[in-house]
Amino acid sequence: MDNHHRGRYQPGSRPRIPAPITGTRRHACLAALPLLGAASLAWGIDVSVDGVEDRVEANIQAYLENLDGAEYTAPRLKNEVKSRAGEAMRVYGYYRPDISVTVTIEDAEDAEDAEDAESEETDADEGAQTADKSVAISVEPGERVHIETLDISLAGDARQDEPFIQAIEDFPLEEGDPLRHPPWDSLRGKLSGSALERGYFDWRFDRKRMEVRPYQQSARLYLAFDSGQRYRFGDAVISGSHIQPSRLQAMRPFDNGEPYLARSVAEYNQRLAETGWFRSVMVRPRLDSVQQLIQSSSGSRNGWWQSATGQNTDAPQESRGKAPQLEREALQSTMRLYRQNHTRLPIDVAVKPAERHQFETGVGFATDVGPRMRFSWDQPWINRYGHSLDHDLYVSAPEQRFSGTYTVPLEDPLRDSYRLQYGIKNLDDGDTHSLEGTVELARRWKFDNDWVQSVYVRTTYEDFTQGGESDKVFIYYPGIQWTRTRTRQQRFPVWGDRQQLSLEYSDTAWGSDASFFRLTGDTQWIRTLGEKNRFVGGISVGAISTDDFDTIPPSLRFFAGGDNSVRGYSYESLAPRNDDGKLRGGQQMLTATAEYQRNVTGNWWGAAFVDTGDAFDSWGPDELNTGAGLGVRWVSPVGPIRLDVAHPFDDDDDDWRLHFSIGPEF
């Protein structure tokens with residue numbers, strides 16, 4: 001039995017129904033209203049409306065927004081404004097208003113009221129035609145049309161589908177209510193849009209009619225929607241892949257036989273793109289010819305279609321091929337005859353391999369390390385199983401390092417993998433001299449809540465001198481780490497946060513040269529208030545418990561200070577010192593930062609900040625080192641560039657320090 005929303009039915013006449021300014025167009029119109037005054041200078045027309053409620057006035061303004069006064073003489077302008085205002089009022093049920101329009105020529109030598117200008121247009125009107133004009137509209141709305149009959153019905157599989165049922169239940173109009181076009185148009189859009197999103201490709205309106213009798217102030221609305229059968233996912237047919245098809249099949253967010261959902265197709269497309277294996281990815285349902293024509297006739301009103309299939313329905317016709325673009329109404333008779341005997345919809349997956357070798361170079365500068373250079377060599381795939389290999393070379397004055405990562409993806413390449421990481425680093429910075437080599441084997445999981453868990457075993461050899469004390473150590477230790485990073489707008493996030501917690505343990509019982517338990521954790525966040533106020537904050541903690549701190553290499557000790565720690569102090573200058581006054585590093589660390597940023601103009605922001613923190617050998621230091629200052633942020637094409645001037649409050653030199661860095665906060 002059909003789901004029904006029904007009242008009384010009586011036949012009636014059907015006058016021409018104006019197209020309301022609704023949806024995207026209406027929002028654009030309303031957004032343009034604050035600019036109306038400025039726009040009127042360019043168009044030579046200023047509009048004022050009196051006698052109607054705000055939303056009706058807004059719709060009249062929207063209907064008149066692209067009216068160029070320079071193209072009309074005063075009498076013609078008056079008629080055009082009156083016609084458009086009448087159409088705008090019908091959208092809200094006012095079909096017989098009394099509209100009075102007064103056109104005033106602002107810049108004519110002798111301003112005249114166009115109310116009295118009833119003569120026919122001649123070439124002599126050219127001066128008045130090009131002069132600036134203002135329009136005053138006075139409205140007596142009259143009786144409003146009310147809904148006498150409302151008949152809405154569902155047929156097909158959509159009768160049991162919640163989004164369709166909910167769309168009808170949420171319809172705000174009832175019999176006896178004043179007629180408003182926007183909810184009626186919105187309902188039709190919701191039903192047709194939901195049909196395409198949810199796999200009802202044979203849908204149609206058996207009846208779609210609005211009958212208005214202005215002289216009786218009554219309207220009759222009829223809508224009969226037949227969804228037809230709901231299609232289900234069939235086999236995924238993959239072409240152009242250099243990776244084993246079974247690996248791509250395993251990444252599908254849907255199974256054969258599941259009801260079709262456009263967002264699942266889009267999600268599959270996104271998953272394949274995120275692997276890095278492919279230069280291009282296109283996932284789309286395989287529609288038969290009549291269905292394809294129906295999709296084409298829907299045009300750009302269904303934005304999901306582009307995201308789900310990769311087809312740009314807003315592109316010029318030449319770029320979309322020569323397929324005919326037919327109106328849906330022209331295909332209704334065909335659709336009534338054409339019915340699929342099957343509802344399994346194959347999914348076509350067309351991919352192109354990514355470049356096997358990818359290189360990237362970068363140069364930069366930071367006050368912590370001075371000039372720096374980076375060179376990366378990435379191989380997003382090295383075999384048909386999707387294994388990848390990345391190498392990275394980083395060079396600055398105090399630090400040089402070379403590292404590599406070999407990744408073995410598991411059943412879900414985006415969530416589960418094994419990683420073999422290796423690297424060598426040389427550090428020569430003040431009281432710290434270190435040559436370090438590391439090999440790590442890790443198992444990685446990514447969960448639905450965006451947390452990433454890594455369990456690893458690491459081997460490190462480090463030959464170091466810290467504060468005049470030298471040693472060479474081999475350390476073997478397991479660890480576990482949880483991280484989560486969330487941002488909106490990658491280049492300069494307006495919202496985001498990052499959390500990290502790591503636990504590591506080493507023991508001489510299995511041959512390690514040092515025994516320790518080490519914990520590190522940090523949280524950072526970004527929030528905005530309005531469009532011009534941005535807040536950045538963070539807290540970092542660390543601790544290591546050991547009976548022999550001298551065997552702990554510098555890479556595992558704690559230091560504070562610098563561009564990304566406590567500004568106002570030099571890079572890693574805050575830590576306990578030995579009897580000779582040289583840095584030896586701390587067993588604990590605590591830092592915190594709070595920053596307020598204000599947009600000044602365009603991509604330029606000002607900043608004020610306070611940082612505090614230290615590295616120490618026991619919890620609860622008497623005083624944390626604090627710095628504060630002002631800065632400038634420029635959101636450049638390569639990322640944010642930060643310049644800060646910070647004053648240290650706990651430095652004997654009591655001097656100012658400049659900090660410069662490139663890149664987002666996290």
Side-chain angles (χ1 to χ4, degrees), residues 2-7 14-33 53-63 65 87-95 144-156 158-159 161-198 200 203-212 219-227 262-263 294-295 297-307 313-314 327-329:
D2 293 354
N3 289 336
H4 230 66
H5 185 123
R6 186 176 177 86
R14 184 191 179 195
R16 182 173 69 92
I17 307 300
I21 301 293
T22 59
T24 302
R25 183 185 170 201
R26 184 167 187 266
H27 289 308
C29 294
L30 294 178
L33 291 180
E53 57 183 302
D54 290 345
R55 59 181 176 179
V56 179
E57 177 184 350
N59 207 45
I60 293 174
Q61 295 275 16
Y63 266 75
E65 66 164 352
E87 289 188 20
M89 293 192 65
R90 292 176 197 174
V91 172
Y92 289 97
Y94 298 100
Y95 274 72
R144 195 172 185 182
V145 170
H146 286 70
I147 299 173
E148 179 181 325
T149 301
L150 181 62
D151 188 346
I152 303 173
S153 65
L154 277 179
R159 290 175 301 173
D161 201 348
E162 182 60 28
F164 293 89
I165 299 172
Q166 193 64 44
I168 293 177
E169 290 180 352
D170 292 343
F171 185 63
L173 301 181
E174 297 180 355
E175 291 180 355
D177 288 348
L179 175 63
R180 291 185 290 125
H181 291 201
W184 180 252
D185 296 332
S186 176
L187 176 61
R188 291 186 300 170
K190 284 181 181 179
L191 295 177
S192 58
S194 296
L196 294 176
E197 291 179 19
R198 301 180 67 79
Y200 298 93
W203 70 271
R204 67 175 184 266
F205 286 109
D206 287 333
R207 186 167 54 168
K208 181 179 60 176
R209 190 164 75 250
M210 176 187 290
E211 300 175 357
V212 179
R220 300 172 178 87
L221 279 60
Y222 306 96
L223 192 67
F225 181 81
D226 184 356
S227 68
R263 66 171 175 265
I294 292 295
Q295 304 306 329
S297 71
S298 297
S300 60
R301 288 172 293 177
N302 300 287
W304 70 270
W305 185 251
Q306 179 180 344
S307 63
T313 57
D314 292 324
E327 290 299 324
R328 173 173 291 277
E329 288 75 6

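Every heavy atom of this structure was used, including side-chain atoms; hydrogens, water molecules and symmetry mates were not.
Each of Arg207, Arg220, Arg209 was compared with Asp151 under the side-chain contact (heavy atoms from CB on, under 4.5 Å) criterion, and only Arg207 meets it.
Within the 3.5 Å criterion, the main-chain N or O of Leu150 finds a donor-acceptor partner in the side chain of Glu175. Here the side chain of Arg198 pairs no donor or acceptor atom with the backbone of Ala195 at under 3.5 angstrom. A donor-acceptor pair under 3.5 Å links the side-chain atoms of Ser194 to the main chain of Lys190, judged by distance alone.
A search for salt bridge (charged side-chain N to carboxylate O under 4.0 Å, His left out) contacts involving Glu162 returns nothing, not counting sequence neighbours. Considering only residues two or more places apart in sequence or on other chains, Tyr200 meets the ring-ring contact (aromatic ring centres under 6.0 Å, His included) condition with Phe164. Annotation: side-chain hydrogen bond (donor to acceptor under 3.5 Å, both in side chains) contacts of Asp177 (sequence neighbours excluded): none. For Arg180, there are no side-chain hydrogen bond (donor to acceptor under 3.5 Å, both in side chains) partners at least two apart in sequence or on another chain. Checked against side-chain hydrogen bond (donor to acceptor under 3.5 Å, both in side chains), Arg144 has no partners two or more places apart in sequence or in another chain.
Within the model, atoms CD1 of Ile168 and CZ of Arg159 stand 12.0 Å from one another, a figure rounded to the nearest 0.5 Å. To the nearest 0.5 Å, atoms OG (Ser192) and CZ (Arg204) are separated by 15.0 Å. Atom CD1 of Ile60 and atom CE of Met89 lie 5.5 Å apart (nearest 0.5 Å). Atom CG of Leu191 and atom CZ of Phe205 lie 5.5 Å apart (nearest 0.5 Å). Considering CD of Glu148 and CG of Leu179, their distance stands at 12.5 Å, rounded to 0.5 Å. Between atom CD of residue Glu87 and atom OH of residue Tyr95 there is a gap of 10.5 Å, rounded to the nearest 0.5 Å.
In terms of heavy-atom proximity, Ala167 sits nearest to Leu187 at O-CD1, 3.7 Å. Nearest heavy-atom pair, Pro172 versus Pro183, reported as atom, atom and distance to 0.1 Å: CG-CB, 3.7 Å. Between Ala158 and Ser227, the closest heavy-atom pair is N-OG, 3.0 Å. Between Ala88 and Asn59, the closest heavy-atom pair is O-ND2, 3.1 Å.
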| Candidate pair Ile152 and Phe225, rule side chain to side chain contact (heavy atoms under 4.5 Å, CB included), full reasoning | CA-CA 8 Å; Ile152 303 173; Phe225 181 81; over 6 Å; no

| query | What do the steps show when you test Asp161 against Leu154 for side chain to side chain contact (heavy atoms under 4.5 Å, CB included), and what is the final call? | reply | CA-CA 10 Å; Asp161 201 348; Leu154 277 179; over 6 Å; no

| request: Determine, step by step, whether Leu223 and Trp184 satisfy the side chain to side chain contact (heavy atoms under 4.5 Å, CB included) criterion, reporting the C-alpha distance in whole Å, the side-chain angles of both residues, the deciding distance to 0.1 Å, and the verdict. | output: CA-CA 9 Å; Leu223 192 67; Trp184 180 252; 3.5 Å; yes

